[in-house]
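See structure below.
All chains are named by letter (A, B, ...) in the order of the sequence lines, taking the proteins before the strands, and each is independently numbered beginning at 1. Worth knowing before you read on, the calculation uses all heavy atoms, side chains too, and leaves out hydrogens, waters and symmetry mates.
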Amino acid sequence: MENDPNNILDEVTSGEYKYGFYTDIEMETAPKGLSEDTIRFISAKKNEPEWLLEFRLNAYRKWLSMTEPTWAHLHHPPINYQDIIYYAAPKKKKELASLDEVDPELIETFNKLGISLEEQKRLSGVAVDAVIDSVSVKTTFSETLEKQGIIFCSFSEAVQKVPELVKQYLGTVVPSDDNYFAALNSAVFSDGSFCYIPKGVRCPIELSTYFRINAANTGQFERTLIIGDEGSYVSYMEGCTAPMRDENQLHAAIVEIIALKDAEVKYSTVQNWYPGNKKGEGGIYNFVTKRGICKGNNSKISWTQVETGSAITWKYPSVVLMGDNTVGEFYSVAVTNNYQQADTGTKMIHLGRNTKSTIISKGISAGQSNNSYRGLVKMTKRALNSRNFSQCDSLLLGDKCGAHTFPYIKTENQSSIVEHEATTSKISDDQLFYCNQRGISTESAIGLIVNGYAREVLKQLPMEFAVEAQKLLAISLEGSVG
Amino acid sequence: MLSIKNLRASINGKEILRGINLEIRPGEVHAIMGPNGTGKSTLASVIAGRDIFEIEEGEIIFRGKNLLEMPVEDRASEGIFLSFQYPVEIPGVSITNFMRTAVNEQRKYHGLDPMPANEFLAKMEEKKRMLDIHAKLANRSVNEGFSGGEKKKNEIFQLAMLEPALAILDETDSGLDIDALKVVANGVNKLRRPDNAFLVITHYQRLLDYIVPDIVHVLFDGRIVRSGGKELAMELEEKGYEWIRAEA
Amino acid sequence: MEGITTNYNTKETLIRLFGENRPEELPAMARLREQAMEAFVQNGFPHTKLEKWRNTDLSRSLNHAFIFPLEPASDGTEPEDIFRCDVPGFNTHMVSLLNGRVIDQGNTLPQAAEGVIVCSMAEAFEKYKDLIERHYAKYAGFGDNAMIALNTAFARDGVFIFIPDNVEVSRIVQTVNLIHSTEPVFVQPRNLVIMGRNSSLRLVMCDDSVDNNVGFINSVSEFVLAENARLDHYKLQNKNDHSALINNSAFHLEAGANLSTSAISLNGGLIRNETRVLLNGRSSHADVLGAYLMDRHQHIDNQVFIDHAVSDCTSNELFKGILDDSASGVFNGHILVRKDAQRTNAYQNNKNILISDKAVIDTKPFLEIYADDVKCSHGATVGQLDAEAMFYLRSRGISASNARMLLMYAFVAEIVNRISIPELRERIDDLVKKRLRGELSVCDQCVLHCNSREQKIAFDIDMSKI
Ligand SMILES: Nc1ncnc2c1ncn2[C@@H]1O[C@H](COP(=O)(O)OP(=O)(O)OP(=O)(O)O)[C@@H](O)[C@H]1O
Ligand SMILES: [Mg+2]
């Protein structure tokens, strides 16, 4: 019969990656491979101060003595770290005073991505920093922001403009030897975004960064640092894409967030790196360390992520709840299809009193993929009267995929409450029949049901992102844009 | 409009429908009554295309087309609507979104463009008013956390939105309070047209006081053992099914 | 890999002992011991760098000058000397073990005539070689478990039960595992329970200390349930604070088999229960339950692995515990649903109450799922007593301390109420109440035969209202 569920599932889960084009821009690259020389080359290219070079070299030396973690539910051939280009930048990059000076090819790239810098600037009131391969290309809107004292620029620019701020906070949330990939990033990061919101300022617009890997054999190692000073607020968005290539490319980023007293930082990601083809060839290896610290009392950090891309995802956006009455949130939708593997989740480390964390994770697995939630909730002795609520659900589409849940809970005081719930199931036949009976095809029905299932997370996203995320969910699982 | 001939269907090797014959013409209202577990809902599901049932024999022709060869959603687009006895919950999917998807997919089936948003919303408003449905209900997820009566009302609301040629109401009256029953029945009566038809499954005469049937069938043990006018329903209400059981 | 080192070279002593004490037995058995010993030597005692042992540290428990009794005790101690049976109405067929060896008390099971065998493993090794060959060490694999390896290398005795097809054993079988020694003693009982098709058994296994001396028990039990067999299994643990109890239980279920196993841990210096259930036949079902009440510096660790290998099976796991003082608890539940194990229904929950700021709990409820038509859920909670319920009770005139006790009791009762042997349920109910009031410690009796029978305390409030 035509609507044999297996056929349809095949169809629905065979959506093609539509960001897989490659832009031919003239690039300046470092020679392949990693050594102290590579690091000095990067540092020199960026005209960095001595202390930053030291920071990098230090991290590199630590990295040499570390080994790749093996505990995640992930399998991949060994990565040859000498076969990667650690620096690639669009050529003829001088100081750009306005958008008009950006390479037209580049603008075209962003237009294809649906991020028209022009339009963004004019209409939406979203400030965009775009990082292509390793280098920040253009930050829109910064003048408007500057009036309020907000600094939103590329990381390299920040190193030149506000070195003392960078020096004060860099590596304080994710130490350079935190883990293997963090050490690698700390040694070779080339650019990324920097954001500082001054005391008492509510950032009036959404800040947004787009990352794109373009060049072949290139790793992307961007570094983001966000500082919310006392009583400030900011909502920050990150999106990413990469061309379709047969080989795997490495992405090892670090995001650090510092929320001082009464500050609130909301970080949203739609991660859509190239996931590889239907046979599991190619795709990005995404090993990312994201962590925030609620340093001051009453501060709040909220992570929202929609993960649809990458061949491998290894990512645990975490919050250290240091101040009293601080709040940490993690909302996640992770979709895996074909041969994708995702091992993602969060850590909520409760140190302060009356701290509160919420974890909502929705995993969706299709094809031959494996999707794992891994999380840690820790209530330390000092974290009196703290609370955690976790809900981790998995939805299975097809009988060749896997869905796994690995929560770790550690409690060391009696006044805290931890609640964890999880379910795993497939889309119910009753729901599908109900939709079909109203004339809705199985393909649309799956899209509808999956979006409904993920709604609790999607509604956390800023408007601009929510629509895109919904479409992405549909693309990842369907043959066409819903 | 609908013509069922010698339909036999089973589940897990157990025969439930054992030779159903049924003719429904445009403009008619048919009622099906019968004891619990005799196959009323099964018949409704088989017409709608539920694939857990095995069709052993027979045919279902709907407006000249062979329904048994069509997937569920095509049958729906052809004009079959089933108001479920136990509507399922779909968390996170708002009724508005759900209905818009259904309306537009059905339009696509017929080669029409999607309904413009304002027209769609106006239609939603009109039908909600007609069925006395709370404005807030439409923003909630499909059937999630609805009371039994709210679920049934929501089914009729969808019926009103989709305007099918043949509506099958499977025990839509159960769970409705007296006022809601009147509202639903009035709604159905307003939707009656010379070119559409209704198949009403119920246990109680009460609903048939409002939606007056042209023909009443008694389904017993997978067969229609008796058909008659609306008096038959009253006779059943009075005497129960024992006498039919004795006859069968 | 580096294991734990002690001041007493325990591992080396074991290696020497192994070489010096080779029992006369079949070559296959000798080979098995050698392989097991090799595995143990390679891995050593499990240490906290291993993921599965991260939160349970054996080093203190192992740091004693142990004796390792391998031969039956010859000092003529009679079990009657150290405990009496005085619970009316709880009539069991009792098998006593003293320091790991079964003591022949001359009592035979009424159903022996139907082919039911309850005897010592030592006897079974001699008399039932076929059954041993077919089942022994087939379910408790030691490849990844050094404690099972060690036990397999040294196993001499334990309890052997065989039930033929279609026999329902009416008498409850009770094993009492006693440790009595003036020197630190390390014992390794080994049990095997073989159940035929459509058979049924109720089995209560008690682990008790009868003095305050140091003891280390490394016990392994294997259970195989043929088609439609039914096993009702209880572990009661009431050990002194100087004892360590490592309990490995492996259950193998064929189609339609039904298992209910509960671990009730009331006291113990260090207790680790590792339970593995393999659902190997369609429509088999396992209930795995546990309750633990720990205080002082006691440590409890429950590790449960449920392997849904085939379709249409169900499992249900619930562990509840209360930790006071500096007690620590670990729960590690792992449900594996293999590819093609469709229509699996698996439920897992671990609930904890901490009533001291020094108590610690680590809980990891894992789900690993490779089939799509499944309904699996798990949960874990850590908290304190419900403040609203406390208020409700106190508003009815109940003192704060009684209200606390009542709520703790109600919390544990969810497990206790599922004990299907009424006399046992009542007894454990009493013991839990006593335990909560701090009255129960290691008495010189088996927990089931404690002489001071609990007076009914006025706790008659409808729990469902709380
Ligand atoms: N999914 C199913 N699996 C197994 N048997 C089923 C299934 N659905 C229906 N049946 C059986 O088919 C028979 C007819 O059921 P059906 O729901 O059609 O009865 P009904 O006439 O609608 O009853 P009621 O008046 O109670 O709604 C019953 O015996 C029922 O148990
Ligand atoms: Mg019915």
Side-chain angles (χ1 to χ4, degrees), chain A residues 5 9 70-71 73 363 365-366 368-429, chain C residues 51 54-55 311 322-387:
Chain A
L9 220 54
T70 53
W71 42 260
H73 199 286
S365 342
Q368 323 260 343
S369 69
N370 270 296
N371 199 329
S372 306
Y373 167 82
R374 186 182 304 276
L376 168 69
V377 174
K378 183 167 176 175
M379 299 288 179
T380 59
K381 282 205 179 345
R382 270 188 52 223
L384 300 178
N385 295 313
S386 295
R387 285 208 64 142
N388 162 267
F389 174 75
S390 309
Q391 174 81 48
C392 306
D393 296 325
S394 308
L395 193 64
L396 290 145
L397 309 178
D399 57 3
K400 293 184 196 68
C401 49
H404 320 299
T405 319
F406 306 109
Y408 294 70
I409 299 162
K410 188 176 186 82
T411 307
E412 299 174 342
N413 73 66
Q414 61 161 323
S415 54
S416 294
I417 300 175
V418 180
E419 285 173 275
H420 169 93
E421 286 170 19
T423 61
T424 304
S425 55
K426 65 169 196 165
I427 289 189
S428 92
D429 292 337
Chain C
E51 171 68 23
R54 210 148 57 138
N55 300 301
S311 62
I322 300 176
L323 301 173
D324 199 352
D325 300 335
S326 297
S328 48
V330 179
F331 174 80
N332 192 345
H334 184 177
I335 294 175
L336 171 64
V337 179
R338 292 189 193 261
K339 201 167 169 299
D340 301 328
Q342 298 294 3
R343 297 173 298 284
T344 287
N345 218 319
Y347 172 82
Q348 181 191 48
N349 211 329
N350 173 229
K351 297 183 179 177
N352 299 282
I353 289 181
L354 300 190
I355 48 180
S356 132
D357 277 337
K358 287 199 225 94
V360 176
I361 177 80
D362 274 277
T363 170
K364 295 182 239 168
F366 284 8
L367 293 176
E368 191 178 355
I369 296 168
Y370 297 95
D372 68 330
D373 193 356
V374 298
K375 274 207 189 89
C376 297
S377 65
H378 69 187
T381 56
V382 183
Q384 60 209 108
L385 295 171
D386 185 349

Contacting region of [X] [heavy-atom separation from chain A under 4.5 Å]:
X        : answer
C:Lys351 : neither
C:Ala380 : both
C:Gln348 : neither
C:Asn55  : side chain
C:Arg338 : neither
C:Ser356 : backbone

Quiz item: Which class fits the ring pair C:Phe366 and A:Tyr408: parallel under 30°, tilted 30 to 60°, perpendicular over 60°?
Solution: perpendicular

Quiz item: Under 3.5 Å, is there a donor-acceptor pair between the A:Ser369 and A:Asn371 side chains?
Solution: no

Quiz prompt | Pair A:Thr423, A:Asp393: side-chain N/O donor-acceptor within cut-off below 3.5 Å | solution = yes

Quiz item: What residue, out of C:Ala346, C:Gly329, C:Pro365, has the most heavy-atom pairs lying under 4.5 Å from chain A?
Solution: C:Pro365

Quiz item: If you count heavy-atom pairs under 4.5 Å between each of C:Leu336, C:Ile361, C:Ile353, C:Asn350 and chain A, which one has the most?
Solution: C:Ile361

Quiz item: Looking at A:Val377, A:Ile417, A:Leu396, A:Ile409, which has the largest count of heavy-atom pairs under 4.5 Å with chain C?
Solution: A:Ile409

Tell me the closest heavy-atom pair linking [X] and [Y], and the distance in Å.
X        : Y        : result
C:Ala341 : C:Val374 : O-CG1, 4.2 Å
C:Ala371 : C:Ile369 : O-CG2, 3.3 Å
A:Cys392 : A:His420 : SG-CE1, 3.8 Å

Quiz item: If you draw a 6.0 Å radius around NZ in A:Lys381, do more than 12 non-hydrogen atoms from other residues or ligands fall strictly inside?
Solution: yes

Self-check item: More than 12 heavy atoms from other groups under 6.0 Å of NZ on A:Lys410
Solution: yes

Quiz item: A:Thr411 versus chain C, heavy atoms under 4.5 Å apart: side chain, backbone, both or neither?
Solution: both

Self-check item: Part of A:Leu384 lying under 4.5 Å from any heavy atom of chain C
Solution: side chain

